[in-house]
Amino acid sequence: MSCWDIIADYGLRSVGIGERLLPRNEFTLCHQFTLIGSGMIWNIYFGVLALISGFFFATLLALGKMSTNPIFRRSAEWTIFIFRGSPLFIQFFFAYFLFLSLKQSFPIFGPLTSAWIGALVVLFLNTSAYTGEIFYGALQSIPKGDIEAADAYGLTGWKRFRRITWPTMLRLAWPAYTNEAIFLFHATTLVFFSGFPTTRQRGDALYYANYFADKTFNPFVPYPILAGYFIVLTLIVIGLYGLVNKRLNRHLPVSDRGKIKLRMNIIR
Amino acid sequence: MGFYWSFLTVLLLLGITAPCALGFGFVGAMAARSKFFVFSLFGRAYIAIVRGVPEIAFFMFFVIALDQFLEWSRHKMLCPDWSEPIRQGNDFVVCQAAKLPLSSAPQWIHETYGFALAVFTFAIVFGAFSANVLFGAMRAVPYAQQETAYAYGMTSSQVFWRITVPQMWVYALPGLGNLWMVLIKATPLLFLLGVEDIVYWARELGGSKTARFTDYPHPDWRMWYFLALLIYYLMFTKVSEIVLDRLMKRLTHGQATAAGEAQRRAKA
């Protein structure tokens, strides 16, 4: 069996297309590369969707934390504190069992107990809280002069926010936000190791890496493959965010443009 | 009962890991800034490699790898006339005397061994993080301070121990505090390493009990157990935040930093 056959069989295994049974007794390099790569689909799915949806909610949270209205401020502060102050791992567990018991009283919540949506909700809230804190810090450090200039031009309310405050906030927050995105992708590996079950062994990259390590008693092959995939993913994220960073900073003189400093990998 | 012990397990893990990680970090940072090229390369490689690999993968990989490494080296020492290869296809076979822990050992030794492996893994990973923080902090101490010390005729090791080390803590504390928070939040990962920690017991005790097997039947309470864990971690984080704040205030006292200056002004 050539490697192409294996890729055809297992390339989309993690989404349920292709061979039903996972390999039982042949664990060639090709098998491991293909299946772990196939698992990366889930990591990318969780990461991308949580980032996109979390971005907007994070802006709301940051604005809420800045707001003078105590109701908004308090609720935003508590949301951020709860999701930043507790381990993501426990959040996954709690959410899963919460959804389970909700499902018993209201069957509508049924889908939430499966990973593809339930874990996404948790990741969405989690990344919103972390990003909200970053955006809040950026909002606080917007140069006073920028706002004053906007006032002088007669920009107020929504227009001022849309044209001055928001772009400046993004520009200041971007390096930290890049790191947050990298952490989020790393955090997606936790999904199938917390409560959320895999259906028919459709797991993420770490799930398959763990499968191979368990079967072969040899951690030295699957985990480095996984690490390699993640390093590539991280590089792609850095590249994409770097492009946005360039665009956000394009009005500044070259010497003022900040480079994104890479600070990798801290557990949340 | 095990549930309450497991809280102690977590505290014990934190209590042992934090100083170990700090020690690893200190040695790593010293190596990284050493003038001797081999040490410097070693220190930098340690920091870069551990920080570059996804966290959970590292945890899962390292425990097996360490276990196999120990068994392999004992195998080489204890059974030199063993002729069969250690890796037989998918199996990892060592002679009976090299098994760790010995298969005749009592249960508590097995548990302690697992715990020790977990602590060591945590210490290595967090040692790399703290090495990075301390490395930065040592460089942040104003160079004029060291120059002055040299001018007074101190040797370079005297300068390091009497000038750099006492002053670096104020620069290191924000980073180390962050790391402490992260360490707290990483403790549930013990569960993945096979230690019977909080998460294990919450799942075990919370699961639904029927009257046939226990005197205290109850439905699925796992949600409440995990809610309790969530609150436990939130409180832990809050307390640490307050303590770190106090510590920072004490350390800034009399330092040549902006915060130290502000403190001096406030008093005068």
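Convention: sequence-line order gives letters A, B, ...; per-chain numbering from 1.
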When rounded to the nearest 0.5 Å, the distance separating CZ of B:Phe226 from CZ of A:Phe92 is 13.0 Å
Pick from B:Leu234, B:Ile184, B:Thr237: which one has the most heavy-atom pairs with chain A under 4.5 Å? B:Leu234
What are the two closest heavy atoms between B:Lys185 and A:Pro87, and how far apart are they? O-CB, 3.3 Å
Can you confirm whether A:Arg74 is buried at CZ, in the sense that more than 12 heavy atoms of other residues, nucleotides or ligands lie under 6.0 Å from that atom? no
B:Lys238 NZ/CZ over A:Phe81 ring centroid, <6.0 Å and within 45° of normal: yes
Between A:Phe94 and B:Leu230, what is the shortest heavy-atom contact and its length? CD2-CD2, 4.1 Å
Could you tell me the separation between the CG atom of B:Leu227 and the CD1 atom of A:Ile90, rounded to the nearest 0.5 Å? 11.0 Å
